[in-house]
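Proteins get letters first, then strands, A, B, ... in listed order; numbering begins at 1 in each. What you see is a predicted model, and the numbers here were worked out from it, not measured in a lab.
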Amino acid sequence: MSSVLILVDHVGGVVPKAVGELATFGKRIGDVTAVICSSKSAEIVPQLSAFAISKIIICDGIEFEKHSVGATAQALAAVVAKESPAAVLITSTARGKEIAGRLAVRCDSGLITDAIDIDSACVATQSVFGGSTTVHSTISHGTPIVTLRSNSIEVEAGSGSPSVENFAVSFDGVDKAIVTSVQPAVKGGRPELTEASIVVSGGRGTDGNFAPVEAFADVLGAAVGASRAATDAGWYPHSHQVGQTGKTVSPQLYVACGISGAIQHRAGMQTSKTIVAINKDPEAPIFEVADFGVVGDLFAVLPQASEGLKKA
Amino acid sequence: MKIAVCVKQVPDSWAEKKMGSDGRLDRANVDAVLNDLDEYAVEEALKIVEAHSPTGEAGEGSGHTITVISMGPERASEAVRKALSMGADDAIVISDDALGGSDALATSLILAAEIKNGGYDIVVCGTESTDARMSVVPAMLAERLGYAQLTFAGSVKVDGTSITISRQTEFGVEEMSAPLPAIVSVVEKINEPRYPSFKGIMAAKKKTITTKSLADLGVSSQSSWSTVKDSALRPPRGAGVKVADEGDGGNKLVAFLQERRLA
Ligand SMILES: Cc1cc2nc3c(=O)[nH]c(=O)nc-3n(C[C@H](O)[C@H](O)[C@H](O)COP(=O)(O)OP(=O)(O)OC[C@H]3O[C@@H](n4cnc5c(N)ncnc54)[C@H](O)[C@@H]3O)c2cc1C
Ligand SMILES: Nc1ncnc2c1ncn2[C@@H]1O[C@H](COP(=O)(O)O)[C@@H](O)[C@H]1O
């Protein structure tokens, strides 16, 4: 059976659910080989047995944390040359897409980004133009390299421990950029924005007070998002911005509170399965995409809803 | 320093976008504008030059040049003109019928060939084109040219022959540095793009826009490494329910969530 490579993304050695999604997609195409390009492999390997992975390749010999995107693409290209996989799957993050882009150049292979599905014949599904159009594409040249958005598939559990192989690589110096310091994004107690099945977001309408938004998110076990107006004002960290220049989310439920629904915001949330909007202005464009809208003051509606859910 | 800024002409963000029967974005029937994220790239290039100019200004007398590079149909020169009116010095538009349907690999191949011709020290890009939304062209350019990749910059500092940025992604903030030459892409929080002044608009009319074909560049292109099989409009979201809060908005919301089994 052919093999499929998946790149193991991680934050400080913690492997996100998105890697399990890559494995689940990959299994449709072939045996899944997970590639680790990190000094934290000792912490990462045990976490991978949770997923449907048959083999792990640890790339040794490069200080990946120092060399950023270029070095990871280089190592991955070497693994591709060695394994001749049927496809390479990577998570659609800013970093993941850049690695995929450099890898595509190195392997002279086609690239599809931001896919939400891929079948056994490597036909990828993308949702484009703010979710208004669904596109099916294939790679016509080289090894298919596809980046997949997280939260696109139910993760299939692994069975048994994958075999582990070390693979020696050395830095070729192509990317001369060096990382001199890192400040990891602060992680709160709430679920990660792009992985959460429910997202509650606040905008300018919160007037800087996110307490009712956070309280409602917490009764639902949701992640908290924000519009650019809210992140620009410093009310919420930029890492929580949803939209064209923030994160793209596609949860089961998206609740927009005090957000007008500008096209740049909608670009990041329009593919959510169910959309709820709370806005004082009955003409707010967010209502055009909402399945359920409450025309009202978020400071009245949200606390009442939180109370109601606690009682339920 | 020789600086290049890569800009793309894209359909207006507000325009409704559709796929043509050929599986490509139907560009003919929508208003086209300069990709708004590329305005931040133009602004940052101007800022870099201003910081190193004896007069504090870009343009003649600064000792540095800013060249705008764009690949696209001939009318892409309209978008390029905007970058010139902001203060860039001159522009190159790569236009060729054979380039229709180019994907990111093809785009980066062509742009890299032109950048190599010009021998630029710094190439500034936006982080994303609002139509393709791939965010991969800058990284591909770095790979093709062997330039240092300094992308998703929230700040840029150029110091003699080295350049430092703070990279802002979902993973947090990384400080990065490299010797020149470098490919930089800038996030939209980095600056506030200037509006072209009247003087700038008038001056831009006299600036040179050179149009080049693939033959001029000396490359032959494979237009795409991927193929669209089919595309379909998603059924529009069914008109949702809108209720007014009459003191019971929160309860109605709870009822909706329970009915949909979302809570
Ligand atoms: C290049 C570029 C990139 C951008 N990228 C993004 C992006 O990634 N994400 C993003 O979100 N935006 C982005 N924007 C900005 C976008 O255009 C809008 O400006 C922004 O989304 C507006 O945020 P908002 O809806 O919170 O604020 P506003 O548009 O000011 O809307 C506030 C809403 O709150 C309502 N309201 C006020 N008080 C209350 C109350 N008490 N209760 C209920 N409702 C209330 C008002 O009726 C109004 O509809 C971008 C813009 C540009 C130019
Ligand atoms: N056709 C093009 N011509 C010039 N620059 C481009 C072109 N396409 C993309 N770019 C640059 O690459 C950046 C990222 O684009 P993309 O990878 O398409 O999202 C843009 O912000 C531009 O700076």
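Within the model, atoms CG of A/N279 and NZ of B/K242 stand 9.5 Å from one another, a figure rounded to the nearest 0.5 Å. Between the NZ atom of B/K229 and the OG atom of A/S140 there is a distance of 13.0 Å, given to the nearest 0.5 Å.
Of all the heavy atoms in B/T151 and A/E98, the pair that sits closest is OG1-OE2, 2.8 Å. When all heavy atoms are compared, the tightest approach of B/A148 to A/A177 is CB-N, 3.9 Å. When every heavy atom of A/D175 is checked against every heavy atom of B/Y147, the shortest pair comes out as OD1-O, 4.3 Å. Between A/K97 and B/V136, the shortest heavy-atom distance links the atoms O-CG1, 3.3 Å. When all heavy atoms are compared, the tightest approach of A/A94 to B/F152 is CB-CZ, 3.7 Å. Nearest heavy atoms, B/A263 versus A/L220: CB-CD2, 3.8 Å.
Only the side chain of B/T169 has a heavy atom closer than 4.5 Å to any heavy atom of chain A. Heavy-atom distances place the side chain of B/L257, and not its backbone, under 4.5 Å from chain A. Only the backbone of A/S109 has a heavy atom closer than 4.5 Å to any heavy atom of chain B. For A/V174, the parts sitting under 4.5 Å from any heavy atom of chain B are the backbone and the side chain alike. Of the two parts of B/L37, only the side chain, counted from C-beta on, holds a non-hydrogen atom closer than 4.5 Å to a non-hydrogen atom of chain A. Interface remark: B/L262 contributes backbone and side-chain atoms alike to the contact with chain A (heavy atom separation under 4.5 Å). B/A104 does not touch chain A: none of its heavy atoms, backbone or side chain, sits under 4.5 Å away. Proximity to chain B is limited to the side chain of A/I198, based on heavy atoms less than 4.5 angstrom apart. At a 4.5 Å heavy-atom cutoff, the contact between A/Q241 and chain B is made by side-chain atoms alone. In this structure, the portion of A/H10 lying under 4.5 Å from any heavy atom of chain B is its backbone and not its side chain. There is no contact between A/V255 and chain B, counting heavy-atom distances below 4.5 Å. At a 4.5 Å heavy-atom cutoff, the contact between B/Q149 and chain A is made by backbone and side-chain atoms alike. Of the two parts of A/K66, neither the backbone nor the side chain holds a non-hydrogen atom closer than 4.5 Å to a non-hydrogen atom of chain B. Contacts of A/D9 with chain B are made by side-chain atoms alone, with heavy-atom separations under 4.5 Å and no backbone atom involved. Heavy atoms closer than 4.5 Å to chain B are found in the side chain of A/F287, but not in its backbone. In this structure, chain A has a heavy atom under 4.5 Å from the side chain of B/Q258, while its backbone stays farther away.
Contact tally against chain B (heavy-atom pairs below 4.5 Å) for A/V179, A/T138, A/T113, A/I139: the top residue is A/T138. With chain B as the partner, the residue from A/K176, A/Q183, A/H136 showing the most heavy-atom pairs under 4.5 Å is A/H136. Across A/L103, A/D232, A/T147, the residue that shares the most heavy-atom pairs under 4.5 angstrom with chain B is A/D232. With chain B as partner, the option from A/V294, A/L309, A/T125, A/V182 having the largest number of non-hydrogen pairs under 4.5 angstrom is A/V294. Here A/I275 is the residue among A/V219, A/L193, A/I278, A/I275 with the most heavy-atom pairs under 4.5 Å with chain B. Considering only heavy-atom pairs separated by less than 4.5 Å from chain A, the leading option among B/G146, B/G172, B/P138 is B/G172. Note on A/H238, A/Q74, A/Q252: by heavy-atom pairs under 4.5 Å with chain B, the leading option is A/H238.
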**Request:** Apply the test side-chain contact (heavy atoms from CB on, under 4.5 Å) to residues B/R144 and A/R102: give CA-CA distance (whole Å), side-chain angles for both, the deciding distance (0.1 Å), then the verdict.
**Result:** CA-CA 8 Å; B/R144 290 196 187 279; A/R102 294 189 73 126; over 6 Å; no
**Prompt:** How far apart are the C-alpha atoms of B/V187 and A/T245, what are their side-chain angles, what is the distance that settles it, and do they pass the side-chain contact (heavy atoms from CB on, under 4.5 Å) test?
**Reply:** CA-CA 8 Å; B/V187 302; A/T245 47; over 6 Å; no
**Item:** Residue pair B/E128, A/Q244: steps toward the side-chain contact (heavy atoms from CB on, under 4.5 Å) verdict
**Value:** CA-CA 9 Å; B/E128 171 176 303; A/Q244 190 199 323; 3.7 Å; yes
**Request:** Could you give me the CA-CA distance, side-chain angles and deciding distance for B/D245 and A/V295, then say whether side-chain contact (heavy atoms from CB on, under 4.5 Å) is met?
**Result:** CA-CA 6 Å; B/D245 175 28; A/V295 181; over 6 Å; no
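With hydrogens and angles left out, the side-chain atoms of B/S177 and A/T180 include no donor and acceptor closer than 3.5 Å. Residues B/K189 and A/T231 bring a donor and an acceptor atom of their side chains to less than 3.5 Å of each other.
For the side chain to side chain contact (heavy atoms under 4.5 Å, CB included) with B/S231, the qualifying choice from A/V128, A/V135, A/T134 is A/V135, the only one to do so.
For B/R194, the salt bridge (charged side-chain N to carboxylate O under 4.0 Å, His left out) partners two or more places apart in sequence, or in a different chain, are B/E43, B/E50.
When atom types are taken as modelled, the side chain of A/Q304 and the backbone of B/N251 share a donor-acceptor pair closer than 3.5 angstrom.
Remark: A/K273 NZ is packed, more than 12 non-hydrogen atoms of other residues, nucleotides or ligands lying under 6.0 Å away.
Using cut-offs of 30° and 60° for the angle between ring planes, the A/H141 and B/W225 rings count as perpendicular.
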